[in-house]
Structures are given as structure tokens and as C-alpha cells.
Amino acid sequence: MSEFTDNELIELFRNADMKHYAFNLLVRKYQEKIYFFVRRLVIDHDDADDVVQNIFIKIYKNLDSFREDSKLFTWLYRIAVNESLSFLKNKRIHCYLSLASPEAMMMKALQEDTHYDGTEIQKRLREAIVKLPKKQQLVFNMRYYDDLSYAEISDILGTSVGALKASYHIAVKKIEASVTAN
Amino acid sequence: MKINQSIQEQNPENETLPPILIELRPGADGINTPDGYFDSLGSRIVDGIANRKGASFLSVAFPSVSKPLLWVPTLAAVVAVVLLVFVLPEKKAAEIPAVDEWTEIRMAFDASYAEEVLLSESHAVDKEIENMDLSYIQSATYTGKNEPTQDEISEYLKDLEIEPDILNEH
């Protein structure tokens, strides 16, 4: 499955006869990374499923015009970030229309998440992350869970490495305080 | 994710994480998915692409349809041009009063002024008729061509259920 490099997958995708095959390989290669990245942001499995499908449909539509200025996986992450934030923005608007607080809505989603079986301390960690501002959440998740380097995160988010380090540091401090509070 | 690696190895950029976060370092963070989710995700994505291809013929044929920020102002501009060119001038022409607003007001309050205005207007109309080229009337001659025949007239009257004898009355 992963014997194909990203460049080989792009080449295959650009060959009309191999397009679907290449796309299938690409989905299999990145589906879990993208899913868990999105899921940590949007919390609910069904929401994550919708967002992930939209992300891959966008990738399918735009891969032909991918210019290879950046690495394929940073491009995928960029699409994932944009789609997730756009989903959360729409959800936020729905929250305001229904006069509910978006944070309360997210916490409710966390508590009602049926596809979650973490320990008590893992739940506290999850709640602490959800309470962070979106930018800090993104940086923390990419660094802590996905092991991306600051250079890669900088490429994805278009933010300087220095600013990212500061965001991560603040996020870690807040999370530590929140998780160890009880 | 290499769970057993030391934090130093996982963090080449030398961050120090608090012990609680080292302890919770991912591997299994409690998030899971329905059984077989990733086995079917690829095929559902491909189905989604196929469905969208069918549904979005309009947006493929006219790419800007899916971008209201582009087509709404364009549509508004087209409507405005149509209104300006075709609808409003006709309406304007129909609504132009014979005299201007202030003259109308003065006419309403001053009968003699009104009479004067109307007289001068009719005088202007007379002058216009005088100046018209009516020579074509003098040059027109009656040729008798295309006159209906007696039979045609009778038939026409019959259609109207009028007795043809009426012609004899004149």
C-alpha cells in the first residue's frame, strides 16, 4: 500500500487510466491521519466523517492542479485545516442561531461521543484541548499527536515558526493547568 | 506513532513536556471509529465524487454558478442594464407631463395663467402642423386598385349577417 511515494501517487493520478487506482491508494495512505486530525477538532464521529469526505473530494478535484511547491501531505493537511475550520465556523453560526454557547455545544458533543473510550485523565486532556483557542488547538494537535515539525506546521498554517512555538508553549501550559487542576 | 520512543527522540526540537503530557503521550487516546469504518471510507468517498459529478453539471458548465459572490453582482448588473435601457425610458416618456411641475402648480392656483399656458400650447401645436410637410397628400392619387368587388362586399356582409340590400339603400 505505502510502497508508492507521494510523487509516484501524483504521477499515477495524472494518468487518466490510473486516476481512480491512484486516488484509492492515496485515500488509504492518508485516511487515518486525516480522520483523527479532523476528529480531534470537530469531536463528533459523524461530523468528522462528513468533513473527511469533503476533504478527499476536494483533493480529488484539485490534485491535477497541485503544483508541488510544497509536500503532498502538507497540502492535504492545509485542506483538512481549512475544511475543519469552515465546518466549525458554520457550526458556531448554528449555535448562535439556537442561542447556545459553542463551547457548551462542544463539551456536550464530547460527553455524548459514543465512539470514545478514553480513561478519565484522557477525557480531561480532551476537554482541556477543546477549551483552547482554535489556533492553539491546531498547533498542539499537529505537534503533540501528529508529530509534525514546526517547519511543517508553519508550511501548513502559514505562520512563523516563532509564533507557533509560542502558541504551543501557551497551549501546553493551559492544558497542564487544566488536567492537573482536579 | 512510536510510543516507546523517548521524548527526546520524538521531539527533535527539544521541547520539554510536563510529566502529565508525557504520561498521556498518544498511541491510544481513546478516540475510536465504528467497525470497518476505514475499509469503507474510500468507496464512500468515490461514491460521493460520482454523485457530485452528476449533481453539479450546472456548476461544471457554468463554474461561477457555485460562486454566488461572482454571479449575484453580475445578475444584478444585467437586471439594472435591462431596466435602464428598456423599461425605464418607456415609463419615463409616459410620465413626462405636458408642462413642468411648477407650471402645473401655478396653473392650479391662477386660472388666467392656466388659460394663457393652454393657449400658448395650442398655438405651438398649430404652428407645428403648419410647418409639417403635407405635400404627399396632394400628390396622392386614387387608382381604384385593390378595391373589393361587388361579390366580395356581399360575402363580407353575409359573414356579418347583414342583408346585402343595404348597399342599395345608398
Around [X], counting heavy atoms of other residues, nucleotides and ligands shown, do more than 12 lie under 6.0 Å from its [atom1]?
{"X": "A:K134", "atom1": "NZ", "result": "yes"}
{"X": "B:E155", "atom1": "CD", "result": "no"}
{"X": "A:K58", "atom1": "NZ", "result": "no"}
{"X": "A:K33", "atom1": "NZ", "result": "no"}

(request) Please work out whether the ring planes of A:H45 and B:Y37 are parallel, tilted or perpendicular, with thresholds of 30° and 60°. (result)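 It falls in the perpendicular class, over 60°.
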
Are [Y] and [X] connected into the same hydrophobic cluster when the rule is that any two of I, L, V, M, F, W, Y join if their side-chain heavy atoms are below 4.5 Å apart?
{"X": "A:V51", "Y": "A:Y145", "answer": "yes"}
{"X": "B:L119", "Y": "B:V125", "answer": "no"}
{"X": "A:L12", "Y": "A:I10", "answer": "yes"}
{"X": "A:Y168", "Y": "A:I170", "answer": "no"}
{"X": "B:I22", "Y": "A:M142", "answer": "yes"}

Backbone of [Y] reached by a side-chain donor or acceptor of [X] within 3.5 Å:
{"X": "A:E32", "Y": "B:F38", "value": "no"}
{"X": "A:R40", "Y": "B:I31", "value": "no"}
{"X": "A:Y60", "Y": "B:I45", "value": "no"}

Residue part contacting chain B, namely of [X], when any heavy atom lies under 4.5 Å:
{"X": "A:L125", "result": "side chain"}
{"X": "A:D49", "result": "both"}
{"X": "A:F140", "result": "side chain"}

(request) List the atom of A:V172, the atom of B:P18, and the distance in Å for their closest heavy-atom pair. (result)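 So the two residues come closest at CG1-CD, 3.3 Å.
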
(message) When you compare the side chain of A:Y144 with that of B:L17, does any pair of heavy atoms fall below 4.5 Å?
(response)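 They are in side-chain contact.
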
(request) Begin from the C-alpha positions of B:L21 and A:I175 and carry the test side-chain contact (heavy atoms from CB on, under 4.5 Å) through to its verdict. (result) CA-CA 9 Å; B:L21 285 178; A:I175 289 167; 3.9 Å; yes

Taking atom [atom1] of [X] and atom [atom2] of [Y], what is their separation to the nearest 0.5 Å?
{"X": "B:T33", "Y": "A:H115", "atom1": "OG1", "atom2": "NE2", "answer": "8.0 Å"}
{"X": "A:F36", "Y": "B:N32", "atom1": "CZ", "atom2": "CG", "answer": "7.5 Å"}
{"X": "A:R126", "Y": "B:L24", "atom1": "CZ", "atom2": "CG", "answer": "13.5 Å"}

